[in-house]
Amino acid sequence: MQVRRGCGRGGFVSELEERVSSSIVDRLQAGPVLGAEGYVFELERRGYIKAGPFVPEVVLDYPDAVRELHREFLRAGADVMVALTYYAHREKLRDVGREGDLEAMNRQAVRLAREVADEGGALVAGNVCNTWAYDPDDPATGQTVRAMYAEQLGWAVEEGVDFVISETNDYLGEALIAVEVIRDLGLPAMVTLAPTQPDQTRDGYGYAEACRILAAEGAQVVGLNCDRGPSTMLPLVAAIRDAVDCAVAVQPVPYRTNAAAPTMETLRSADGERAFPIALDSFTCTRFEMAQFTLQSRELGVDYVGICCGAGPHHVRAMAEALGREVPASKYSPSMDLHPMFRADVKAKDAAFLHSWSA
Ligand SMILES: [Zn+2]
């Protein structure tokens with residue numbers, strides 16, 4: 001069963017008003033929500049995050065860079081500003097010698113997201129992810145993970161988030177800890193699994209079954225994010241849609257994965273080198289492919305349509321426009337009819353060059 005649409009608040013509230021005023025649950029009932037992530041990859045490309053540890057030190061070191069990317073995604077139509085706290089947890093900050101900055105980094109990330117979200121009526125999501133501390137065979141690690149989530153999200157709640165996204169979960173067990181912590185804080189939870197394996201989590205649950213359990217434990221939105229591109233993530237979606245009554249989220253990476261290399265981690269360059277994580281450029285999907293993904297995911301009943309590592313604002317704008325929206329960045333959407341060489345009334349002196357473009 002799909003989430004009801006268009007029936008929020010008596011049915012006469014416009015989608016815009018609904019988007020500006022309501023919670024994530026209300027917005028999902030009113031229509032699709034567009035998510036944009038991939039902050040870590042994009043800020044690494046821009047020279048503000050170190051590849052390898054991928055810790056978002058940029059939040060404290062160059063906050064304007066984070067503001068700018070939030071603003072670019074907002075102008076492109078993203079409905080949610082996700083606080084850049086991905087990997088801003090104790091385990092990772094210890095790796096780079098910044099454990100002492102843990103609280104400041106988490107608080108500042110939420111403030112930056114809130115500041116930009118308020119410029120365009122977007123929601124703010126707190127963010128936690130796989131910790132690398134969890135071991136399903138060692139119950140004590142569950143307590144470690146719980147403490148890490150509780151301290152991160154405690155700060156997020158104090159700074160003011162609307163809901164929490166728990167993402168790139170490899171283990172159902174770790175995701176369930178996130179659900180408990182988020183539920184205890186009284187916030188809606190969106191929980192997504194990282195589909196790195198062919199059909200199940202690392203602790204042995206089929207993706208649809210894991211989503212069913214997450215929903216039963218109180219997650220308001222469940223689904224998949226990261227690792228797979230649209231062509232290898234979409235085939236997993238129908239079973240999840242059938243398994244749950246709540247909203248479904250799907251946020252692939254914009255890379256051309258395929259049957260032989262179903263995840264970005266398995267893509268290889270022509271010379272056989274691993275492309276992940278910093279040589280994936282030649283596999284990047286076009287904006288048109290991401291627009292097509294948006295329509296395909298809607299046909300499958302996806303409610304929260306998004307994009308993960310590798311995303312650029314041009315992808316997000318194309319996805320928003322595929323949903324029928326005109327967004328601030330649409331002012332500068334392509335008009336190839338005005339290109340000197342492609343316009344209908346191309347001058348004869350310019351048309352001559354088209355022959356060389358066809359060679
Ligand atoms: Zn990702």
Side-chain angles (χ1 to χ4, degrees), residues 15-16 19-20 24 27-28 31-46 48-49 65-84 86 112-113 115-125 127 162 165 167-168 190 192 221 223-231 233-234 248-256 264 280-281 283-298 302-335:
E15 186 189 349
L16 181 63
R19 287 175 61 204
V20 167
I24 184 65
R27 290 190 192 204
L28 286 163
V33 169
L34 181 59
E37 298 195 41
Y39 285 90
V40 170
F41 265 34
E42 182 59 24
L43 288 166
E44 188 280 330
R45 278 199 288 246
R46 295 183 186 192
Y48 295 108
I49 283 179
V66 180
R67 272 190 202 95
E68 173 62 23
L69 185 54
H70 278 313
R71 197 166 282 127
E72 289 173 19
F73 283 153
L74 182 76
R75 291 184 67 256
D79 292 312
V80 175
M81 295 293 103
V82 182
L84 182 47
Y86 194 92
L112 295 172
E115 184 184 321
V116 178
D118 287 349
E119 294 173 7
L123 294 178
V124 175
N127 184 241
D162 298 303
I165 297 175
E167 64 180 358
T168 55
M190 170 170 146
T192 47
V221 189
L224 305 173
N225 88 295
C226 210
D227 298 294
R228 290 178 183 244
S231 63
M233 187 176 275
L234 282 168
V248 169
V250 176
Q251 302 204 89
V253 294
Y255 295 115
R256 292 183 189 131
M264 64 177 172
L280 287 161
D281 307 60
F283 298 101
T284 304
C285 295
T286 65
R287 66 190 76 193
F288 306 106
E289 290 168 311
M290 291 313 297
Q292 184 187 28
F293 156 75
T294 302
L295 298 177
Q296 290 171 323
S297 66
R298 291 291 295 144
V302 173
D303 308 282
Y304 190 109
V305 184
I307 183 169
C308 205
C309 303
H314 66 305
H315 291 126
V316 180
R317 178 178 61 189
M319 294 168 74
E321 292 175 350
L323 291 173
R325 296 178 184 169
E326 186 176 344
V327 297
S330 294
K331 179 179 179 184
Y332 303 106
S333 286
S335 293

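- At distances below 3.5 Å, not a single donor-acceptor pair connects side-chain atoms of N127 with backbone N or O atoms of L84.
- Taking a 6.0 Å sphere around CD of E326, one finds it holds 12 or fewer heavy atoms contributed by other residues, nucleotides or ligands.
- Judged purely by atom type and a 3.5 angstrom limit, E321 has no side-chain atom pairing as donor or acceptor with the backbone of A318.
- Each of L74, V305, V33 was compared with D79 under the side chain to side chain contact (heavy atoms under 4.5 Å, CB included) criterion, and only V33 meets it.
- For the side-chain hydrogen bond (donor to acceptor under 3.5 Å, both in side chains) test, no residue two or more places apart in sequence or in another chain qualifies with Y255.
- Side-chain contact between F41 and L280 is present, with heavy atoms from C-beta onward closer than 4.5 Å.
- With sequence neighbours excluded, no residue forms a ring-ring contact (aromatic ring centres under 6.0 Å, His included) with F283.
- A pairwise comparison of heavy atoms in A117 and V124 identifies CB-CG2, 3.6 Å as the closest pair.
- Scored by the ring-ring contact (aromatic ring centres under 6.0 Å, His included) test, F293 finds no partners at all (sequence neighbours excluded).
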Could you go through Y86 and T168, starting from their C-alpha distance and side-chain angles, then the distance that decides it, and tell me whether this counts as side-chain hydrogen bond (donor to acceptor under 3.5 Å, both in side chains)?
CA-CA 10 Å; Y86 194 92; T168 55; 2.8 Å; yes

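- For residues 309-319, no pair satisfies side chain to side chain donor-acceptor pair (under 3.5 Å), with sequence neighbours left out.
- Interatomic distance, E37 CD to N225 CG, rounded to the nearest 0.5 Å: 6.5 Å.
- Side-chain contact between D162 and I24 is absent, with no heavy-atom pair separated by less than 4.5 Å.
- Applying the side-chain hydrogen bond (donor to acceptor under 3.5 Å, both in side chains) rule to Q296 yields no partners; only residues at least two apart in sequence or on another chain are considered.
- Annotation: the span from L43 atom CG to I49 atom CD1 amounts to 5.0 Å, rounded to 0.5 Å.
- A salt bridge links E42 with R45: at least one charged nitrogen is closer than 4.0 Å to a carboxylate oxygen.
- Annotation for R46 and L69: closest pair NH2-CD1, 3.7 Å, computed over non-hydrogen atoms.
- Considering R67, H70, R71 in turn, R67 is the only one that fulfils the side chain to side chain donor-acceptor pair (under 3.5 Å) rule with E115.
- Residue E44 holds its CD atom at 11.0 Å from SG of C309, rounded to the nearest 0.5 Å.
- Across E72, R287, R75, a single residue satisfies side chain to side chain contact (heavy atoms under 4.5 Å, CB included) together with P313, and that is E72.
- Without hydrogens or angle criteria, R27 side chain to G31 main chain gives no donor-acceptor distance under 3.5 Å.
- Residues passing the side chain to side chain contact (heavy atoms under 4.5 Å, CB included) test with A322, sequence neighbours excluded: A291, T294, L295.
- Residues C308 and P254 share a closest heavy-atom pair of O-CD, 3.7 Å.
- Distance check, rounded to the nearest 0.5 Å: CG of L224 to CD of Q251 gives 10.5 Å.
- Note that OH of Y39 is 4.5 Å distant from CE of M81, once rounded to the nearest 0.5 Å.
- Here the shortest heavy-atom pairing between V221 and A249 reads CG1-CB, 3.7 Å.
- Taking 4.0 Å as the cut-off between side-chain N and carboxylate O, R256 and E289 count as a salt-bridged pair.
- L323 approaches P32 most closely through the heavy-atom pair CD2-CG, 4.0 Å.
- Of all the heavy atoms in G77 and R325, the pair that sits closest is O-NH1, 4.3 Å.
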